[in-house]
Structure formats: structure tokens, C-alpha cells
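Reviewing the structure listed below.
Counting starts at 1 for both ligands and their atoms, in listed order. As a basis for the values below, the full set of heavy atoms in this structure was taken, side chains included, without hydrogen atoms, waters or symmetry mates.
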Amino acid sequence: MTASPLVLRDADFGYGEQRVVSGVTLEVQKGDVVAILGPNGSGKSTIIRGILGLADHLGGDVELLGTPLHRLRSRAAIGYVPQHHSLSSSVAATVREVVASGRLARRRWWQPETARDREIVEQALEVVRLSHRADEEVSHLSGGQQRRVLIARALATQPDILIMDEPTAGVDQASQVVLAKVLGRLAQAGTTMLIVTHELDALHDIVTRVLCVNNGRIDFTGSCAQYDLHLATHPTGSSHHHHDEAEAPVTTPLSSEPLDTAATRQS
Ligand SMILES: Nc1ncnc2c1ncn2[C@@H]1O[C@H](COP(=O)(O)OP(=O)(O)O)[C@@H](O)[C@H]1O
Ligand SMILES: [Mg+2]
């Protein structure tokens with residue numbers, strides 16, 4: 001029996017003393033594709049950054065492949081595609097070089113690149129359909145293509161879980177369609193993914209579980225079908241309104257208030 005790729009139990013995340021998100025409970029099984037939804041400023045990125053050790057873990061349990069977060073020696077098991085866009089235009093590297101840098105996490109610095117490393121890089125380029133651009137400078141690629149380069153780099157680390165923060169945001173419609181197809185291929189290959197997104201529609205077929213964050217709290221957890229039902233029965237619910245900006249930073253007191261009664265868990 002292998003441990004779940006990622007388990008969160010009543011986890012809190014924030015910055016220093018400031019708790020931004022509280023009470024996150026989620027068990028990600030191998031092959032799951034979890035969509036994290038919620039308005040801007042609700043804490044989606046903070047959850048992801050907390051899992052990655054880039055924001056502070058302030059309470060509850062987080063386990064990666066059965067190992068508690070604070071005992072992890074390395075996060076090589078996580079592939080990460082950060083929010084905010086593409087590679088800087090000042091990066092002088094080819095597409096292949098950027099993707100190959102993903103292999104560095106997997107070998108000692110003194111070890112040379114092996115044939116296996118090169119094979120994995122070529123496969124990652126193929127999955128994002130950029131093999132034919134491999135020798136070009138990344139700065140010559142469009143924003144959507146650069147996003148695919150970053151996905152390929154994360155894939156090249158052969159992660160147990162691939163975490164992406166708004167991978168389809170800020171790219172044109174055509175690139176969004178291509179990116180959704182890339183994510184579809186990854187899902188088909190059984191890649192475990194955690195994806196922050198505002199475009200659930202495009203990913204509806206591959207998402208196995210939805211987590212809604214609102215004001216630093218989880219106000220829904222369930223399958224896509226349960227989420228559709230939730231929207232139908234909570235037409236004024238705010239989780240799917242993503243255009244409103246957050247009014248104020250969230251500091252959640254340790255109150256004993258129950259979570260939204262709509263919060264359900266999939267078995
Ligand atoms: N480095 C930081 N230090 C302090 N507060 C932060 C930091 N980054 C984000 N925040 C605050 O955390 C809250 C949630 O932000 P974020 O997780 O980025 O939301 P989302 O990804 O859902 O848009 C916001 O109020 C934001 O101001
Ligand atoms: Mg964010």
C-alpha cells in the first residue's frame with residue numbers, strides 16, 4: 001500500500017503570524033485531478049505555496065507521500081508551475097535547456113546528464129507538443145507556449161504530484177484550448193494534479209474533485225458532479241464569482257464556527 005500523494009487535515013497557512021487560510025482538509029489520491037476554485041485574494045495560492053514551503057504552515061497536518069511537511073527533506077516529488085506567467089524575455093536559453101533544468105532536481109550536481117535524462121526531457125516536450133520548437137530561444141515563444149515549457153520542465157522532474165497555479169490564465173483563447181488538451185493528456189496518463197483555475201469548464205472532463213476557497217475558508221469540497229449540484233442549489237454562492245477582488249486580507253480567528261453546511265466530502 002502506498003501513501004496518498006497529498007493529505008491535508010485541518011491545515012492552516014499564512015505568512016508569519018498572519019493566518020490567511022484555515023481548516024483545509026483534502027486527501028488527494030493517485031491520479032486525482034483537483035481543481036481549486038475561488039475569488040481573487042481568497043487564499044488559493046497561499047494553500048499551494050504552503051504545501052511547497054513558500055508560505056508558512058501554521059496548523060493542522062500536511063503529508064506528502066505519507067511524510068509530514070516539517071520532516072520533508074526535499075520537495076522533488078512535487079512539480080510546480082507558478083502563477084504569473086511566462087519566462088522573462090531576458091532568459092537566454094533554448095526550450096530544451098529550460099525543460100532539461102527540471103532534471104537537475106533529480107540528480108547530484110556532479111553527475112552528468114544521462115541518456116535517460118535526455119529521453120525524459122524529449123518525452124516532456126512531446127507531451128506539451130513543443131518538440132519542434134526545442135532548439136529555439138524560449139523568449140521567442142508566445143505566453144501560452146512558454147507556459148507549456150514550464151509545464152514540461154515540471155514534468156521532467158517526474159513528480160508524484162503536479163501543482164499548477166492558474167496555468168491557463170492570461171493566455172489567449174487558442175492557447176487555453178491547447179493547454180487544456182495538454183492537461184487532458186496528463187490526466188489520461190494518470191498524473192496526479194492540483195490545479196488552481198478560473199476555467200473549470202475547460203477542465204470539467206478531467207477534474208475528479210473540486211475545492212472551493214472563499215475568504216480563507218473551504219466552503220465546498222466534492223466531485224465535479226456534486227459541485228454542479230452545489231452551484232444549482234446555491235445560485236448566489238460566491239465561490240464561482242471570480243471577478244470580484246478581495247476587500248481585505250483575511251485573518252481568521254480561531255473561532256469555533258462550523259464550516260459552511262454545504263461542505264461535503266467525497267468518500
Ligand atoms: N507574501 C505575503 N505576505 C502577506 N500576505 C500575503 C502574501 N501573499 C499573499 N498575501 C495575502 O493573502 C491573501 C490571499 O492571497 P492569495 O493566496 O494570493 O489569494 P488567491 O491566490 O486566491 O488570489 C491576500 O489577502 C493577500 O494579500
Ligand atoms: Mg493566486
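Considering H198, Q176, E199 as possible partners of T168, the one that fulfils the side-chain hydrogen bond (donor to acceptor under 3.5 Å, both in side chains) test is E199.
Applying the 4.0 Å criterion to heavy atoms of N40 picks out, from ligand 1, the atoms 23 (O). Near S45, the atoms of ligand 1 lying under 4.0 angstrom from a non-hydrogen atom of the residue are 17 (O), 18 (O), 20 (P), 21 (O).
Residue-level proximity to ligand 1 for V20 is carried by the side chain, the only part with a heavy atom below 4.0 angstrom. The proximity of P39 to ligand 1, defined as any non-hydrogen pair under 4.0 Å, is limited to the backbone.
Panel note: side chain D56, backbone G16; a donor-acceptor pair is recorded below 3.5 Å. Side-chain atoms of R147 come within 3.5 Å of backbone N or O of P167 as a donor-acceptor pair.
Looking at heavy atoms from C-beta onward, D228 lies in side-chain contact with H204 at the 4.5 angstrom threshold.
A salt bridge links E63 with R9: at least one charged nitrogen is closer than 4.0 Å to a carboxylate oxygen. Under the 4.0 Å criterion applied to side-chain N and carboxylate O atoms, E113 and R103 are not assigned as salt-bridge partners.
Here's the thing with S42: one of its N/O atoms is less than 3.5 angstrom from an N/O atom of ligand 1. Residue-to-ligand polar distances place K44 within reach of ligand 1: an N/O pair is separated by less than 3.5 Å.
Rounded to 10°, the angle formed at the Mg ion (ligand 2) by OE1 of Q83 and OG of S45 is 80°.
Using a 4.0 angstrom heavy-atom cutoff, G38 does not count as in contact with ligand 1.
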